[in-house]
Amino acid sequence: MLIAQLTDTHIRRPGSLAYGVVDTAIFLEAAVAHLLALDPRPDAVIVTGDLTDFDDPQEHARFRQITAALPMPVFPIPGNHDSSAGLLAAFPEIAGRCAGGRVNYVVEDLPLRIVMLDSTVHGRPHGTLGAEGLDFLDRALGAAPGTPALVCAHHPPFLTGIRHMDVQNLFDAAALEAVLRRHPQVLAYTCGHVHRAVTTTFAGLAATIAPAPAHSVSLALDPAAPPTFHMEPPSLSLHRFAEGRLVTHRSFIGAFPGPFPFFGPDGRAIAG
Ligand SMILES: [Fe+2]
């Protein structure tokens with residue numbers, strides 16, 4: 001079973017560039033083409049926030065239009081550039097899974113349960129799950145203690161060393177850790193927000209940030225570095241769940257030379 005993770009697509013209205021530089025729709029189109037070309041194709045796509053740049057209905061509509069080519073289900077949660085209400089208005093089928101205006105829901109349709117959490121704080125860049133989100137997570141995991149689970153939100157609950165992002169991460173990380181440690185069937189936590197592929201541990205679990213399909217936050221580990229971005233090679237995360245283990249691959253979006261065989265027709269390594 002394969003789950004693709006798109007994040008931080010930052011779709012703008014037609015004719016508008018993110019930060020005056022990035023035509024994010026072209027990058028999302030490339031990501032969709034990449035997902036369609038994968039063999040085997042992912043069984044589902046999770047989108048961990050910042051679908052849009054300004055939560056504009058036209059931006060949400062454009063995201064939906066571009067991703068409509070995907071034949072597998074798409075499961076989004078909002079990021080700080082979106083809003084809970086804006087996302088639910090754009091995804092009525094997701095709204096039907098949620099209660100109370102927050103985008104907290106569980107994907108039950110797959111062998112791996114996926115808990116999608118709304119970490120947005122309206123109008124602010126940082127995140128919190130709040131008592132409602134933490135209680136939702138605790139109850140959702142408690143309802144199926146024997147089924148492996150992946151927990152997703154937009155904000156990382158750990159420091160990356162990129163200071164201008166670290167000051168706007170998940171503020172109630174300690175409370176999240178306490179909930180996760182009560183449920184040993186959770187395999188991993190994954191998120192977005194930082195526009196870079198990052199791996200660590202959190203609450204004794206694998207914890208990843210998925211890379212961006214468009215602009216990457218600069219890898220600036222000097223605490224005094226200003227907030228900037230680079231146009232690094234676009235990529236996404238591919239989570240493979242098999243035999244009870246979740247393995248996360250980074251899949252670069254684009255056309256690259258290859259595949260080249262290691263072995264010739266005689267079965268021997270090609271000497272050159
Ligand atoms: Fe973002």
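Both counts, for ligands and for their atoms, begin at 1 and track the order of listing.
Arg182 meets the side-chain hydrogen bond (donor to acceptor under 3.5 Å, both in side chains) test with Asp138; sequence neighbours excluded.
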In a table with atom names and distances, give each donor-acceptor pair under 3.5 Å that connects a side chain of residues 18-35 to protein atoms at least two apart or in another chain.
| unit_1 | atom_1 | unit_2 | atom_2 | d |
| --- | --- | --- | --- | --- |
| Thr24 | OG1 | His10 | O | 2.7 |
| His34 | NE2 | Ser251 | OG | 2.7 |

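A side-chain hydrogen bond (donor to acceptor under 3.5 Å, both in side chains) check over residues 78-92, counting only residues at least two apart or in different chains, returns the pairs Thr52-Asp82, Asp53-His81, Asp55-Ser83, Asn80-His154, Asn80-His193, Ser84-Asp118, Ser84-Thr120.
A salt bridge links Arg97 to Asp109: at least one charged side-chain nitrogen sits closer than 4.0 Å to a carboxylate oxygen.
With hydrogens and angles ignored, the 3.5 Å screen pairs no side-chain donor or acceptor of Asp172 with any backbone N or O of Thr128.
Neither side chain, His195 nor Ser216, offers a donor N or O lying under 3.5 Å from an acceptor on the other.
Each protein N/O/S atom under 2.8 Å from the Fe ion (ligand 1) was counted, for a total of 4.
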